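Working notes, beginning with the structure itself.
Only a predicted model underlies this, so the values are computations on that prediction, with no experimental measurement involved. Chain letters run A, B, ... following the sequence lines, proteins first and then strands; every chain starts at 1.
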Amino acid sequence: MPRARRQYWLMKSEPSVFGIDDLRKKKTAHWDGVRNYMARNYMMQMKRGDRVFFYHSSEEPVGIAGTAVVAREAYPDHTSWDRKSKYFDRRSTRERPLWFMVDVSFESKFDDVVPLEALRRQRALKKMITLRQGNRLSVTPVTEAEWKAILAMAKR
DNA sequence: GCCAACGTTGGC
DNA sequence: GCCAACGTTGGC
């Protein structure tokens, strides 16, 4: 079956917890701890080979730090049934998992983080989901046009 | 550290 | 099924 058209995404993480440098070191990592239904549903749409912007939240400089590639499509997030994990959720079981994660592989780190404020100034990104007021979703789709516009802003 | 904006929970 | 209260996210 022919591959669906490539999709693009943005995933947020606090760099002090897990940042682009951590991903570069590990090469591939599972993206655990997503506990929001909309974000989960987006992850479940991800296909191997989809491209991902790695966004650093909460700490300066806030913005897009690099890119990653989806390496493994959605599978159960085991932290949801680990009682010791802060992501434990007793509604999720091995038989009926509630939460899912994907694996992503490091692709690139930008020379400088493309800052949020620069993203906001870009006309081409006016409609970008993650820039909408009050948006807190940690996983959002990105259009091809947005993907290209941001890559053009990044020094690599 | 503050707080606006949001998603979720739970009482009714 | 409504909606107030609560907890969390994340920019500042």
Side-chain angles (χ1 to χ4, degrees), chain A residues 7-26 29-46 50-70 73-104 106-143 145-147 149-156:
Chain A
Q7 304 174 102
Y8 303 91
W9 309 93
L10 180 146
M11 299 175 90
K12 294 182 188 173
S13 183
E14 291 185 35
S16 63
V17 178
F18 190 83
I20 190 79
D21 289 331
D22 298 303
L23 183 60
R24 178 158 65 180
K25 210 176 308 165
K26 287 191 69 172
H30 57 259
W31 204 276
D32 63 336
V34 171
R35 295 294 180 269
N36 170 287
Y37 289 105
M38 214 180 302
R40 179 200 70 178
N41 293 346
Y42 283 138
M43 279 204 304
M44 292 175 87
Q45 293 172 33
M46 290 184 182
D50 282 359
R51 315 282 292 281
V52 177
F53 280 131
F54 196 123
Y55 181 95
H56 281 179
S57 65
S58 296
E59 293 156 43
E60 283 300 322
V62 166
I64 296 174
T67 64
V69 180
V70 175
E73 296 173 14
Y75 61 104
D77 180 343
H78 56 80
T79 64
S80 70
W81 56 62
D82 174 3
R83 294 194 158 275
K84 294 193 197 95
S85 170
K86 69 167 181 167
Y87 298 121
F88 175 71
D89 184 338
R90 61 189 187 80
R91 298 172 301 173
S92 182
T93 63
R94 283 177 171 75
E95 295 70 38
R96 293 192 61 185
L98 181 60
W99 301 113
F100 290 79
M101 59 189 182
V102 296
D103 287 356
V104 298
F106 175 82
E107 183 181 52
S108 71
K109 178 186 177 180
F110 298 155
D111 291 349
D112 302 296
V113 169
V114 177
L116 178 59
E117 155 246 323
L119 299 173
R120 290 199 189 285
R121 271 192 269 111
Q122 268 293 323
R123 299 207 69 125
L125 304 178
K126 271 279 180 285
K127 293 184 179 161
M128 192 168 169
I129 293 176
T130 208
L131 301 183
R132 287 181 194 159
Q133 193 197 23
N135 183 69
R136 301 181 310 170
L137 266 188
S138 63
V139 179
T140 50
V142 170
T143 69
E146 290 163 351
W147 179 269
I150 292 167
L151 280 190
M153 297 168 73
K155 272 185 263 146
R156 289 176 291 160

Practice item. Considering only NZ, NE, NH1 and NH2 on the basic side and carboxylate oxygens on the acidic side, decide whether A:Lys109 and A:Asp21 come within less than 4.0 Å. Key: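 Looking at A:Asp21 together with A:Lys109, the answer is yes, because their closest N to O distance falls below 4.0 Å.
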Check your understanding: Are the charged groups of A:Asp77 and A:Arg40 less than 4.0 angstrom apart, N to O?
Key ->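 Between A:Arg40 and A:Asp77 there is no salt bridge, as every charged N stays at least 4.0 Å from the carboxylate O atoms.
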Review point. In terms of the nearest nucleotide of DNA chain B, which residue is placed more toward the 5' end: A:Arg136 or A:Arg91?
Key: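 Checking each residue's closest nucleotide, the 5'-ward one belongs to A:Arg136.
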Point to revise | Closest-nucleotide 5' rank along DNA chain B - winner of A:Ser58 and A:Arg35 | key: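 The residue closer to the strand's 5' end, by nearest nucleotide, is A:Ser58.
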Check your understanding: Hey, what do you get for OG1 (A:Thr140) to OH (A:Tyr8), rounding to the nearest 0.5 Å?
Key ->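 A:Thr140 OG1 to A:Tyr8 OH: 15.0 Å, rounded to 0.5 Å.
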Exercise for review: Assign A:Glu14 to base, sugar-phosphate, or nothing according to its heavy-atom contacts below 4.0 angstrom with the strands shown.
Suggested key: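 Answer is nothing: A:Glu14 stays at 4.0 Å or more from every strand.
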Practice item. For A:Ser57, answer base if it contacts any base atom (sugar-phosphate contacts may also be present), sugar-phosphate if it contacts only those atoms, and nothing otherwise; contact means non-hydrogen atoms under 4.0 Å. Key: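 The answer is sugar-phosphate, as A:Ser57 gets under 4.0 Å only of primed atoms, P, OP1 or OP2.
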Review point. Is A:Lys25 atom NZ crowded by more than 12 heavy atoms from other residues, nucleotides or ligands, each under 6.0 Å away?
Key: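 Open.
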Exercise for review: Assess the side chains of A:Asp50 and A:Trp9: does a donor N or O sit below 3.5 Å from an acceptor N or O?
Suggested key: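 A pair is found: one side chain offers a donor N or O, the other an acceptor, under 3.5 Å apart.
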Point to revise | Aromatic ring proximity, centroids under 6.0 angstrom, A:Phe53 and A:Trp147 | key: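 So the answer is yes for these two rings.
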Exercise for review: Identify the 5'-most and 3'-most nucleotides of DNA chain B with at least one atom closer than 4.0 Å to a non-hydrogen atom of chain A.
Suggested key: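 From 5' to 3', the first and last contacting nucleotides are B:dA5 to B:dT9.
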